[in-house]
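What you see below is based on every heavy atom in this structure, not just the backbone, and it leaves out hydrogens, waters and symmetry mates.
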Amino acid sequence: MAQPKVEKLVTAIDIGSWKVSALIAGRTEAGELAILGTGQRESRGVRRGFIADMERTELAVRETVEQAERVAGTNIEDVWVSFSGGSLVSDVVTVERDMGGYRIEQSDIDDLLTTGQQGIDPDGRVVLHAQPTCFTINGRVPVKKPLGMHADLLGVDIHVVLADGAPLANLDLCVRGAYLNVNSIVASPIATGLACLSEEERDLGVALIEMGAGVTNVSLYAGGMLVGLHSIPIGAADITDDIASAFGIRRSQAERIKCFYGSAMQNRRDFREMIEIAPPHGDVALPGQSAGPNADGGKITRAALVAVICERLNQLMTEINAALAGMGFNTPTGRQVVLTGGGAEMKGIADYAQGALGRAVRIGRPRGLAALPEAHSGPAFATLAGLALYGASNPVDLRAIATTPQTVHRIGAPQWWQRMVRAIKTNY
């Protein structure tokens with residue numbers, strides 16, 4: 001099939017702990033973002049979102065991009081890259097400007113945002129994003145568009161995403177070593193939120209849980225913006241390692257068993273259903289390891305497999321609950337949670353998470369892209385799709401704005417979360 005005519009190319013590269021994937025998209029004449037080519041390779045040089053082997057990572061990036069270029073029939077030079085390492089942290093800065101009761105002009109808003117840039121204190125880290133989240137009038141009234149209103153005091157809350165500089169530099173070197181220019185490194189939760197959250201969800205408030213292979217990122221959205229972020233160094237690869245350790249098999253076989261037979265919910269039939277764990281195709285078990293206490297002659301019950309999976313999931317959900325509470329997401333149970341990432345493809349995970357978190361949970365899949373291949377339409381590719389959407393948009397970021405002196409006040413999580421709730425009630 002002929003490729004659609006496009007006006008602008010956008011290339012995204014998601015470098016994760018389990019896979020490296022690339023996507024080439026283009027803006028069509030109809031305004032849609034159409035997929036032109038995709039590529040994927042196993043990731044062997046990344047651990048917990050950090051580069052552990054630069055040569056392997058660089059090779060994987062090069063091969064992945066070349067595969068996408070062959071499918072798209074074009075060569076690319078500039079890319080958008082995701083970063084999901086556990087060093088991601090968030091902060092909220094409040095900046096205020098005395099208006100003296102006058103009408104707010106665009107220059108006043110621009111000066112306020114310029115002042116806010118100076119108020120960012122990275123504390124030795126690198127600023128990945130600095131985005132305005134909520135404007136306020138007279139310190140109390142939240143508004144979405146203050147332009148044209150009268151005010152004694154104009155304020156804005158700025159959400160900042162920070163990361164350690166060394167991991168970002170290593171990631172940048174790996175991509176540039178593959179002869180590619182890095183437009184920007186984007187925090188994975190921001191890209192993922194663009195791909196699998198609706199505008200209404202981001203406005204009303206939602207928790208996004210991205211279960212990657214090595215890291216689980218928990219982020220909060222309210223008022224249309226990312227307002228909180230926490231990283232947990234546990235992921236789907238830990239479940240694979242638990243299975244391999246419990247039954248004395250290789251990681252590759254443990255991953256196959258998890259994908260084909262694994263589930264987060266147990267039923268009575270699982271105690272009767274047997275799973276063959278004898279090494280296939282000549283594969284051998286690790287020396288000195290048996291099939292584990294739950295195995296019987298090279299077979300295990302599916303119930304034993306589910307028990308191992310749920311033990312790790314229980315630990316992860318406990319950490320997620322603590323992260324949500326720490327970020328002030330302690331509102332009634334009606335508030336929704338969206339689960340995405342490769343770990344979200346496990347059978348029964350939404351029902352398990354709903355019971356563990358006590359909130360409505362749905363699986364987040366990428367949206368907003370035309371001609372997305374079926375193989376890339378699952379939650380494991382939400383970040384990749386979101387990167388393309390981010391690159392095609394023009395996000396407001398204060399990092400490039402010149403700085404001026406300012407008055408800055410830092411506020412705690414419960415205070416800014418209550419401000420977001422007031423904003424939602426006021427505007428909706």
Closest approach of [X] and [Y], non-hydrogen atoms and distance?
X	Y	value
Gly16	Val46	O-CB, 3.4 Å
Leu168	Ala163	CD1-CB, 3.9 Å
Gly262	Ile309	CA-CD1, 3.6 Å
Ile234	Thr216	O-OG1, 2.7 Å

By salt bridge (Lys or Arg N to Asp or Glu O under 4.0 Å), which residues pair with [X], not counting sequence neighbours?
X	answer
Arg251	Asp241
Glu42	Arg44
Asp351	none
Asp78	none

Pairs satisfying salt bridge (Lys or Arg N to Asp or Glu O under 4.0 Å), at least one member in residues 173-190, at least two apart: Asp172-Arg176
Among residues at least two apart in sequence or on other chains, which ones pass side chain to side chain donor-acceptor pair (under 3.5 Å) with [X]?
X	value
Ser43	none
Gln67	Arg41
Thr340	none

Under 3.5 Å donor-acceptor pairs involving side-chain atoms of residues 17-26, not counting sequence neighbours:
residue, atom, partner, partner atom, Å
Ser17, OG, Arg48, N, 3.4
Ser17, OG, Gly49, N, 3.0
Lys19, NZ, Ala380, O, 3.1

Can you tell whether the side chains of Arg62 and Glu66 come within less than 4.0 Å, N to carboxylate O? no
Taking only Lys NZ, Arg NE, NH1 and NH2, and the carboxylate oxygens of Asp or Glu, determine whether Arg202 and Glu199 approach each other closer than 4.0 Å. no
Can you tell me if Glu210 and Ser188 form a side-chain donor-acceptor pair at under 3.5 Å? yes
Answer with yes or no whether the side chains of Ser82 and Asp14 bring together a donor and an acceptor at under 3.5 Å. yes
Val206 vs Leu208 side-chain heavy atoms within contact, under 4.5 Å: no
Sequence neighbours left out, what pairs pass ring-ring contact (aromatic ring centres under 6.0 Å, His included) with at least one residue falling in residues 26-57? none
Does any pair with a residue in residues 65-87 pass ring-ring contact (aromatic ring centres under 6.0 Å, His included), and if so which ones, sequence neighbours excluded? Trp80-Tyr390
Name all residues meeting the ring-ring contact (aromatic ring centres under 6.0 Å, His included) criterion together with Phe381; count only those two or more places apart in sequence or in a different chain, and write none if there are none. His376
Within the distance-only criterion (no hydrogens, no angle test), does the side chain of Gln117 pair as donor or acceptor with the backbone N or O of Thr114 below 3.5 angstrom? no
Quick check: does any side chain N or O of Glu77 sit under 3.5 Å from a backbone N or O of Asn181, one acting as donor and the other as acceptor? no
Counting only heavy atoms not in Glu55, do more than 12 fall under 6.0 Å of its CD? no
